[in-house]
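Remarks on the structure that follows.
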Amino acid sequence: MQDLRAKAELVYRELVALHGFQQLVPRREPMHELISTMLSHQTTEANEERGYQNLRATFPTWEAVIAAPVEAVAEAIKPANYAPAKAKNIQAALATILAERGEISIDFLAERSTEEGMAWLTLLRGVGPKTASLVLLFCFSKPILPVDTHVHRVSQRLGLVNAKTPTEAHEILWEMLPHDAEWLFNYHVALLRHGQRICLFKNPRCNQCPLTEHCLWYAAHRAE
DNA sequence: AAAACGGGGGC
DNA sequence: GCCCCAGTTTT
């Protein structure tokens, strides 16, 4: 177990160096993070960004998004996948947030514990554990690890975890990694970037990876 | 645990 | 044209 922790530190150093040290501050604006992450599911970063920019350009305020016909919101976020469902979810989320304190802001999450924040956010339709984790870590510096498919896959290939489900992968990583927001932020971002750019789901670019000698997947597939 | 949801862009 | 993608919800 202790050697796994050491390996995690090695992976952290190598991948943060490779993909650039990320600053946890200045933190992202919470509403931007929440809505853009809701848009991001099952689509690409470029489409998420276009949908978000188009949404903000179309409606002057979040209140205007709530007031608009759901079809108009769906049209604005069209580049994102599942636009009709996401439009409905975003309007409902904004209405819930407005009801919380009478203004469109989730800054009140700063005063809540990590667990309370997770519970509150995941009550929103269209917000699951990944989205909630990202908002709490990126915007409120809560020590929490978002385990998306990239973090899971890269951790798995490097032998850091051997888990059937994302939930199990999260439990193992949480036991192993430091519970420090900046460390977790860098780990998440570094493994995400690695998964997107080098450790691809299919045909990973192992010739660009500094960790092949520590990689179980590479050891099993190097003959191919 | 597995399927449904469902669309733009890269190859 | 085929297949993938910062996931969530429902069966």
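Small disclaimer: the values here were computed from a predicted structure and weren't measured. Heavy-atom basis, side chains included; hydrogens, waters and symmetry copies ignored.
The backbone N or O of A/Lys78 lies less than 3.5 Å from no partner atom in the side chain of A/Lys86, so there is not a single donor-acceptor pair.
Side chains of A/Trp120 and A/Glu100: a donor-acceptor N/O pair is present below 3.5 angstrom, by distance only. Side-chain contact check for A/His19 and A/His194: at least one donor-acceptor pair (N or O, by modelled atom type) lies under 3.5 Å.
When all heavy atoms are compared, the tightest approach of A/Val65 to A/Gln91 is O-NE2, 2.9 Å. The heavy-atom pair separating A/Gly159 from A/Leu216 by the smallest distance is CA-CD1, 3.5 Å. Here the closest non-hydrogen pair linking A/Ile144 and A/Leu184 is N-CD1, 3.5 Å.
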Result block: side-chain N/O donor-acceptor pairs under 3.5 angstrom for residues 196-206 of chain A, not counting sequence neighbours:
{"residue": "A/Gln196", "atom": "OE1", "partner": "A/Arg193", "partner atom": "NH1", "Å": "3.1"}
{"residue": "A/Arg205", "atom": "NH1", "partner": "A/Arg197", "partner atom": "O", "Å": "3.0"}

Side chains of residues 166-179 of chain A: which donor-acceptor partners sit under 3.5 Å, not counting sequence neighbours?
{"residue": "A/Glu168", "atom": "OE1", "partner": "A/Lys164", "partner atom": "N", "Å": "3.1"}
{"residue": "A/His170", "atom": "NE2", "partner": "A/Leu145", "partner atom": "O", "Å": "3.3"}
{"residue": "A/His179", "atom": "NE2", "partner": "A/Trp174", "partner atom": "O", "Å": "2.7"}

Nucleic acid footprint by protein, nucleotides 3-11 of chain C - heavy-atom cut-off 4.0 Å, B for base, S for sugar-phosphate alone:
-SBBBSSS-
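Protein chain A contacts DNA chain B from B/dA1 to B/dG9, reading 5' to 3' and using non-hydrogen atoms of the protein with a distance under 4.0 Å.
Between C/dG1 and B/dG6, the two P atoms lie 24 Å apart (nearest whole Å). Annotation: B/dC11 and C/dA6 have their P atoms spaced 14 Å apart (nearest Å).
Sorted by first and then second residue, the side-chain hydrogen bond (donor to acceptor under 3.5 Å, both in side chains) pairs involving residues 51-69 of chain A (not counting sequence neighbours) are A/Glu49-A/Gln53, A/Tyr52-A/Arg56.
Taking 4.5 Å as the limit, every side-chain heavy atom of A/Val73 sits out of range of all side-chain heavy atoms of A/Lys88.
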Secondary structure string for DNA chain B (Watson-Crick or G-U under 3.5 angstrom, | for other-strand pairs):
|||||.|||||
